[in-house]
Amino acid sequence: MGLLSGKYLLPDGGAADARLNLFRGRYSEGESRYNLSNPTIREAIKAYISIAERYDIHPVSLAIAFVLGHPLVSSAIFGATKLWQLEQVVSACEVKLNAEIIADIDEVHSRFPNPCS
């Protein structure tokens, strides 16, 4: 849904054509699961974005690199509606996360093991 990109935390709530905005009121499962009025979800997103900023990695690259680096994961599923989003995901395949970054991600995960539940 693009939450880890940080776009929905912007003052304008993200672009009008962002998935959660575009389908507002027509996608009850997504709106309830990824409810940005839930402080746990917002804090988890901010924590992951903070890691990305600390290491000068785009938040999307951080997420994709983490998923692709997991030993039990063989592929990543993503949604790109614009060319620049696809380019961001493709470039994320080149990102290698070091042990320090993984430790920071694990620490956030320990605080927010399933923020959307």
Problem - Nearest heavy atoms of N38 and P115, plus distance in Å - result: ND2-O, 4.2 Å

Exercise for the section: Indicate if L4 and V89 have the same hydrophobic cluster label, given that clusters are the connected sets of ILVMFWY residues with side-chain heavy-atom separations under 4.5 angstrom. Expected result: no

Handout entry: Verify same cluster id: V90, V60 (apolar side-chain graph, 4.5 Å)
Key = yes

Problem - From F112 atom CZ to E107 atom CD, the distance as rounded to the nearest 0.5 Å - result: 8.5 Å

Exercise for the section: For residues L97 and V95, determine if any side-chain heavy atom of one lies less than 4.5 Å from a side-chain heavy atom of the other. Expected result: yes

Problem - Approximate separation, where rounding is to 0.5 Å, of E87 CD and K82 NZ - result: 13.0 Å

Exercise for the section: Taking all non-hydrogen atoms of both residues into account, name the closest pair between S5 and P59 and its distance. Expected result: O-CG, 4.1 Å

Exercise for the section: Can you measure from CD (E100) to CD1 (I51) and round to the nearest 0.5 angstrom? Expected result: 10.5 Å

Problem - Sub-4.5 Å side-chain heavy-atom contact between Q88 and Q85 - result: no

Problem - Rounded distance (nearest 0.5 Å) linking atom CG of D104 with atom NE2 of H109 - result: 14.5 Å

Problem - Side-chain heavy-atom pair L62, I105 within 4.5 angstrom cut-off - result: yes

Problem - Validation row: E43, Y48 side chains within 4.5 angstrom (heavy atoms) - result: no

Handout entry: Nearest heavy atoms of L68 and S75, plus distance in Å
Key = CD2-C, 4.2 Å

Handout entry: Distance, nearest 0.5 Å, that separates CG of D106 from CZ of R111
Key = 12.0 Å

Fill in the blank from the handout: When rounded to the nearest 0.5 Å, the distance separating CG of N98 from OH of Y55 is 6.5 Å

Problem - With C116 via side-chain contact (heavy atoms from CB on, under 4.5 Å) - residues at least two apart - result: R33, Y34, I41

Practice task
Kindly indicate whether the side chain of I101, heavy atoms from C-beta on, has any atom under 4.5 Å from the side chain of I57.
Solution key: yes

